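First up is the structure itself, then whatever we jot down about it.
Fair warning: this is a prediction, and the values are worked out from it, not measured in the lab.
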Amino acid sequence: MKRTLHSSTALRHAWRLHLWMALTFAAVQGHAQRTGQLRLFIDPGHNYSFVLDHRYRMNSPLLTLPEGPHHFTFWAPQRRMVDTTVVVTADSLNSFLLRMPFSAEYEQYRRDLSRFKRQVVWTRAAGITATVGFGIWTFVSWGKARDAQQQLKDDEALYSTLTTPRHITQLKEETIPAHQDDLRRARTNLYIGGTLFAASAVATAYIFRRTRERNVPVFEDKEKMRFDGLVWLPSSTGGLWCASLTVPIR
């Protein structure tokens, strides 16, 4: 009789435990099934990625998540990783806005590239421009000097054919001196242009030789390596702007 009583008591306790566990499991399941939608507005908005809850790498702008806090690690090219937590409200459309700041490496790359352009690209361009300009000046001056010299030869040939004293006097006192002045000016410009052309060519060659070992800066996205390796390194959030918005679904 006692054995039967003890057996019945044990069965009642087991049934109560089973019922409590079933109700608890049902409550947990019912609670876990409550979800909300999360829409992400990220700047830049075309090529970002994120790791959700330290496990899932994604880039979808619209998510359906269980209610409660969720951890996000955002990354985009040239931007600094952003580590944040977003709280999702059940049965609601939740919005999260984030403007990702540029990474320190990218800011340094832009400064290095700007310095490279000033010290190498623009310096070389200035040397090439000056050399080409003085080369054109020299070529034009040479053409004018050649024409002026040919004009004097034509004047000499004309002098031997003239028979009128007035024409001879005009040629000797006016025409030939004027053409001689043209030749002197053309030769002067030719000498100056040639000298400047040679000097600028030498200077340009010197600039190229001095800067030939200067390579164009290359951007190394260290934030991407950290993101791909799922390693989070804390950093300052200066310049970061973010906000969240919850809209109930009716």
Flag the pair [X] / [Y] as yes when at least one side-chain heavy-atom distance between them is below 4.5 Å, and no otherwise.
X	Y	result
Val51	Phe227	yes
Asp182	Arg185	yes
Ile128	Phe208	yes
Leu38	Val86	yes
Arg39	Asn94	no
Met225	Glu220	yes
Val120	Val216	no
Arg187	Gln149	yes

Under the 3.5 angstrom rule, does the side chain of [X] hit a backbone N or O of [Y] as a donor-acceptor pair?
X	Y	result
Thr131	Gly127	yes
Ser103	Arg80	no
Thr138	Gly193	yes
Gln37	Leu93	no
Ser92	Ala90	yes

Sidechain N-carboxylate O distance under 4.0 Å for [X], [Y]:
X	Y	answer
Arg115	Asp112	yes
Arg79	Asp221	no
Glu105	Arg111	no

* Structure fact -> Tightest non-hydrogen contact, residues Ser60 and Phe50, listed as O-CE2, 3.5 Å
* To do: Write down the atom of Pro44, the atom of Ala76, and the distance for their closest heavy-atom approach.
  => CG-CB, 3.7 Å
* Passes side chain to side chain donor-acceptor pair (under 3.5 Å), Asn59 versus Ser49? Steps please. -> CA-CA 5 Å; Asn59 58 4; Ser49 298; 4.8 Å; no
* To do: Taking atom types as modelled, find out whether His71 and Asp53 have a side-chain donor-acceptor pair closer than 3.5 angstrom.
  => no
* Asked: Can you find a side-chain donor-acceptor pair between His179 and Asp154 that sits under 3.5 Å?
  -> no
Treating Ile, Leu, Val, Met, Phe, Trp and Tyr as nodes and any side-chain heavy-atom pair under 4.5 angstrom as an edge, say whether [X] and [Y] lie in one connected cluster.
X	Y	answer
Val82	Met58	yes
Ile207	Val121	no
Tyr109	Phe102	yes
Leu52	Leu98	yes
Tyr56	Val88	yes

* How about Phe219 and Tyr106: are their ring centres within less than 6.0 Å of each other? -> yes
* Is the Phe74 ring parallel, tilted or perpendicular to the Phe72 ring (thresholds 30°, 60°)? -> parallel
* Test log, rule side-chain contact (heavy atoms from CB on, under 4.5 Å), inputs Glu67 and Thr89 -> CA-CA 5 Å; Glu67 67 174 340; Thr89 303; 5.8 Å; no
* Asked: Which is it for Asn189 and Lys144 under the side-chain contact (heavy atoms from CB on, under 4.5 Å) test, yes or no, and what are the steps along the way?
  -> CA-CA 9 Å; Asn189 290 332; Lys144 290 183 177 180; 5.9 Å; no
* Decide yes or no on side chain to side chain donor-acceptor pair (under 3.5 Å) for Thr64 and Thr35, but give the supporting numbers first. => CA-CA 7 Å; Thr64 300; Thr35 62; over 6 Å; no
What's the spacing between [X] [atom1] and [Y] [atom2] if we round to 0.5 Å?
X	Y	atom1	atom2	answer
Ser141	Ile136	OG	CD1	11.5 Å
Phe134	Thr204	CZ	OG1	10.0 Å
Leu183	Thr188	CG	OG1	9.0 Å

